[in-house]
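Remarks on the structure that follows.
Since this is a predicted model, take the numbers as computed values, not measurements.
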Amino acid sequence: GQQVMQIPQYQHVQEGEDFTTYCNSSTTLSNIQWYKQRPGGHPVFLIQLVKSGEVKKQKRLTFQFGEAKKNSSLHITATQTTDVGTYFCAGKGYNFNKFYFGSGTKLNVKP
Amino acid sequence: GAGVSQSPSNKVTEKGKDVELRCDPISGHTALYWYRQSLGQGLEFLIYFQGNSAPDKSGLPSDRFSAERTGGSVSTLTIQRTQQEDSAVYLCASSLASTTGGNTEAFFGQGTRLTVV
């Protein structure tokens, strides 16, 4: 069945360092979404990627969708303490209507 | 409403009691998800409703868990004979129909924190 794996589970960085989380699917995805959950909050939508090889940027955040549409990454440049939280990817396959969430990467940024 | 509304926000119940958790999705959203999140953990999929289709119940952990969605809108998650391991935050999310290429951003409610004592 559809599975979306996400690594790493945890990442501790010093403020100013870069951070990347990776998402991999066992099957080809029609699209992938990224969410951020702040401590004590609920997941909030960041972006959706649809096209093979697509790259989107939001300020210091760069999102990529692999050429084979089986993997994706979120890269944060020069982390800030406001980036703290858990980042989830959610992928949808062509044969399934629902999105499958990865297990999330918990980011901690030390000031 | 403006967003996904869940009630109650907090629920403390005794082991063995039944509980009902409610989710009011955004008007017009045909897709509705229930997730469970234990402290510091990821999102555990429970159940998915899409329009008038039969729900995907593949994530329900046991037959003590059930969910309904009446009239394609409000959803209720029921946990019978609650156990301590059921303690978690239960999150509901809704979105427009999951069609390829369309923006199907999921909007999450604030969650219901369930504590079984």
With a cut-off of 6.0 Å (strictly less than), are more than 12 heavy atoms of other residues, nucleotides or ligands near [atom1] of [X]?
X       : atom1 : value
A/Gln9  : CD    : no
B/Glu14 : CD    : no
B/Gln83 : CD    : yes
A/Lys36 : NZ    : yes

- Message: Counting only non-hydrogen atoms closer than 4.5 Å, does A/Gln37 touch chain B with its backbone (N, CA, C, O), its side chain (CB onward), both, or neither?
- Response: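 Contact with chain B: side chain only.
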- Task: Please state whether the side chain, the backbone, both or neither of A/Thr86 comes within less than 4.5 Å of a heavy atom of chain B.
- Result: neither
- Task: Using the side chain to side chain contact (heavy atoms under 4.5 Å, CB included) rule, take B/Phe108 and A/Tyr35 through it: C-alpha gap first, then chi angles, then the decisive distance, then the call.
- Result: CA-CA 10 Å; B/Phe108 282 80; A/Tyr35 292 79; 4.0 Å; yes
What about [X] and [Y], same hydrophobic cluster or not, with Ile/Leu/Val/Met/Phe/Trp/Tyr joined at side-chain heavy-atom distances under 4.5 Å?
X       : Y       : result
A/Phe63 : A/Phe19 : yes
A/Leu74 : A/Leu29 : yes
B/Leu32 : B/Leu96 : no

- Query: In terms of heavy-atom proximity below 4.5 Å to chain A, should B/Ser53 be classed as side chain, backbone, both, or neither?
  - Reply: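 Neither; nothing under 4.5 Å.
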- With the side chain counted from C-beta on, respond yes when A/Pro43 and B/Leu91 share a heavy-atom pair under 4.5 Å apart, and no when they do not.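 Counting from C-beta outward, A/Pro43 and B/Leu91 do come under 4.5 Å.
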- Task: For the pair A/Tyr100 and B/Phe45, name the ring-plane relationship: parallel under 30°, tilted 30 to 60°, perpendicular over 60°.
- Result: tilted
- Of all the heavy-atom pairs spanning B/Tyr35 and A/Phe99, show the shortest one and how long it is.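 The pair with the smallest heavy-atom distance is OH-O, 4.0 Å.
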- Closest contact, heavy atoms only, B/Gln37 versus A/Phe88: NE2-CZ, 3.9 Å
- Query: If you measure only the distance, is there a donor-acceptor pair under 3.5 Å linking the side chains of A/Gln33 and B/Thr104?
  - Reply: yes
